[in-house]
Amino acid sequence: MREITYLEAVREAMSQEMRKNDDVYILGEDIGVYGGAFGVTRGMIEEFGPERVRNTPISEAGIAGAAVGSALTGMRPILELQFSDFITIALDQMVNQAAKIRYMYGGKGKVPMVLRTPSGSGTGAAAQHSQSLEAWVAHIPGLKVVQPSTAYDAKGLLKAAMDDDNPVIFYEHKLLYKTSSDVPEEEYSIPLGKADIKREGTDVTIVATAIMVHKSLEAAKELEKEGISVEVVDPRTIVPLDEETIVNSVKKTGKVIVVHEAVKRGGIGGEIASMIAESEAFDYLDAPIKRLGGANSPIPYNPELEKAHVPQVPDIIKAVKETLNRA
Amino acid sequence: MQLTKEKLLIPDLSNDKLIDLYKQMWQIRLFDEKVDEFFAKGMIHGTTHLAVGQEASAAGVCALLTVEDKITSTHRGHGHCIAKGATADKMMAELFGRTTGYCKGKGGSMHIADVEMGNLGANGIVAGGIPLAVGSALTAKMKKLDYVTVCFFGDGATNEGSFHEAVNLAAIWDLPVIFVCENNQYGMSGPIKEMAKVEHIADRAGAYGIPGVVADGNDIIEMINVTDEAINRARSGKGPTLIEAKTYRWKGHSKSDAKKYRTREEEQEWRKKDPIKRYKEVLIEAGLLTEEKAEEIRLAVKQEIEDAVKFAEESPAPTLDDLLTDVYA
């Protein structure tokens, strides 16, 4: 199998779908000849033309609403927001309109759209271009929320998101764009709500999202040298959440650490930890559930401070050891 | 058609249609008056926003729409729904929270929608429906469909960022959408005169490079005429128009409004411009209606609303199992 990058996987998923289905189009700021802020749509306007690769004004609320309205009337838009921080400006349309339309209308009408947007820190872009706000949208019934961590997952999950008849928020981690993995050339779908065990282990479970999957795998490799066997579970989608896979893993290891980049307070880790505590896995816990997340501060510019804001490999290793010591 | 010496109706509408519109204006008024009565008596819960006095814009604008055409509406949307073909029984059932309502009792007054009939929904968020209308128009353009989308909103909505973003988007893409601002002079309590520096909201159209038209929102013939031109423009690919319908809501903003922000004299002045009465006079002068016939129509509508209430009252309530249905498709 050939290897392609996460960024190429996202582009390939969109292009393959657009070749098949005329109702699918993409809209967003600078997605035309510029190719998008991160280059994801590069080459697409040349293939599909400006009608289907629709370059928009800088109007996040307007273009989000246009996507919702066109989805409600028969199109299947993909909306690209340059940075996930800008979802603040589009939120009325996503939260008050897209998420609720079907329910408010008594099951009539649907909003099949994907909002794709890069999230995460590590680029030195500071407080307004580095956040991970997925917990906000995960809080809203009616939305689905996807966070792929590999190129393979990105392609398959985006296919599923495009096929879904609901509004899906699809978070791409900007530091993962250049990472590669084996990706089939043909289309394939990874069901939303199916976690992936990225590494099997027996001593402790780490539930990690997006880039934290990779940091957790690195930590697991280090811990293996000390004879500690770590299982890394990647939920891949936080709504719907594959509770079963997480619960089963915790039942097996009896210890769990939840890791995400988003600010710990109010982050999705709290939801995952609570879900575990309320589940049958509680009786299997040998140590308290531990959460790692971003600091309670905006994301700073200084590279050392920026790094300190989010969990790093040594933090995960430390958390694993602390958890094992308390067992 | 020259209806009277002063009133020229530009599009070709049948006499039956003109009488139907008169009836529809009464449907809008009597529906909302009945709702007002029920809220006063505490028979319906939640809140509601009534469009009594604004019947001409809903009926006039929708007079030329087909089933394929779309509308988006506002929190003050009962009239738009009726004008786009909704029936009083299912609307009343919705306000009663019954399963036979347009939204199975889950939307209520502010969310009545009938997607299959082209009503893309009322909206509880001021200006929330404007970008949706633009999206609907984008679908028409991309799928090469002939429908137009009418976007209703109030004067207050024009100070929202969504208005600016959406109108600009529709303008640059020449989308088949008609923006209808029902300027009823107040956004809740805020007079538009204090909330915007321009004299007419229609003047804002110039900022987007599209036509802006000021119309007497209490004159249904004028509303039909200006909408006709806007529809022709939209259907021929020339893009959107901003119509400002100057009107007035007779009732308060919502069910709890002491109306301290306006005078009783001002209210009386506007009541003299009663859109139904004015239309009746035109129809009588044109020889299409008599006082007797007009009264017959009003009474028939009154009965229709009573029947709608009966239908709503006799309809089943949702079961608790319905709480979690239709969250996802």
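For the numbers below, each heavy atom of this structure counts, side chains included, while hydrogens, waters and symmetry mates do not. Within every chain, numbering begins at 1; the chains are lettered A, B, ... in the order of the sequence lines, protein sequences first and strands thereafter.
Annotation: maximal heavy-atom pairing with chain B below 4.5 Å, among A/G65, A/A64, A/G109, occurs at A/G65. Options A/I101, A/L143, A/D23, A/L27 differ in how many heavy-atom pairs under 4.5 Å they form with chain B, and the most are formed by A/L143. Options A/E60, A/R52, A/Q97 differ in how many heavy-atom pairs under 4.5 Å they form with chain B, and the most are formed by A/Q97.
When all heavy atoms of A/A61 and B/S162 are compared, the pair lying nearest together is CB-OG, 4.2 Å. Across A/Y105 and B/V115, no two heavy atoms sit closer than the pair CD2-CG2, 3.8 Å. Pairing each heavy atom of B/K141 with each of A/E51, the nearest pair is CE-OE2, 4.3 Å. Closest non-hydrogen pair, A/P57 versus B/L169, comes out as CD-CD1, 3.3 Å. The two residues B/E165 and A/G62 come nearest to each other via the heavy atoms OE1-N, 2.6 Å.
Distance check, rounded to the nearest 0.5 Å: CG of A/D92 to CD1 of B/I125 gives 5.0 Å. Distance check, rounded to the nearest 0.5 Å: CD1 of A/I58 to CG of B/N168 gives 11.0 Å.
The neighbour count for B/K238 NZ, taken as heavy atoms of other residues, nucleotides or ligands under 6.0 Å away, does not exceed 12. Within a 6.0 Å radius of OH in A/Y188, other residues, nucleotides and ligands contribute more than 12 heavy atoms. Few gaps surround CD on A/E46; more than 12 heavy atoms of other groups in view lie less than 6.0 Å from it. Around the CD atom of A/Q128, the shell of radius 6.0 Å holds no more than 12 heavy atoms that belong to other residues, nucleotides or ligands. At most 12 non-hydrogen atoms from other residues, nucleotides or ligands lie less than 6.0 angstrom from CE of B/M188. Within 6.0 Å of the NZ atom in A/K110, the count of heavy atoms belonging to other residues, nucleotides or ligands does not exceed 12.
Proximity to chain A (any heavy atom under 4.5 Å) is restricted, for B/L138, to the side chain, taken from C-beta onward. Residue B/Y147 touches chain A through its side chain alone, counting heavy-atom pairs closer than 4.5 Å. Neither the backbone nor the side chain of B/E94 comes within less than 4.5 Å of any heavy atom in chain A. Contact annotation for A/D164: neither backbone nor side-chain heavy atoms come within less than 4.5 Å of a heavy atom of chain B. Of the two parts of B/I112, neither the backbone nor the side chain holds a non-hydrogen atom closer than 4.5 Å to a non-hydrogen atom of chain A. With a 4.5 Å cut-off on non-hydrogen atoms, A/D165 touches chain B through its backbone and its side chain both. Residue B/T72: no heavy atom, backbone or side chain, is found under 4.5 Å from chain A. With a 4.5 Å cut-off on non-hydrogen atoms, A/I63 touches chain B through its backbone and its side chain both. Heavy atoms closer than 4.5 Å to chain A are found in the backbone of B/D322, but not in its side chain.
A distance-only check finds a donor-acceptor pair linking the side chain of B/T139 to the backbone of A/S70 [under 3.5 Å]. A distance-only check finds a donor-acceptor pair linking the side chain of B/Y328 to the backbone of A/G142 [under 3.5 Å].
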Handout entry: CA sep, side-chain torsions, deciding dist, call: B/L132, A/Q93, side-chain contact (heavy atoms from CB on, under 4.5 Å)
Key = CA-CA 9 Å; B/L132 297 179; A/Q93 287 297 327; 3.4 Å; yes
Exercise for the section: Apply side-chain contact (heavy atoms from CB on, under 4.5 Å) to A/K100 and B/H111, showing your working. Expected result: CA-CA 10 Å; A/K100 296 174 173 55; B/H111 304 296; over 6 Å; no
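Residues A/K108 and B/D326 are not paired through a salt bridge, judged by the lack of any N-O separation under 4.0 Å between the basic side chain and the carboxylate.
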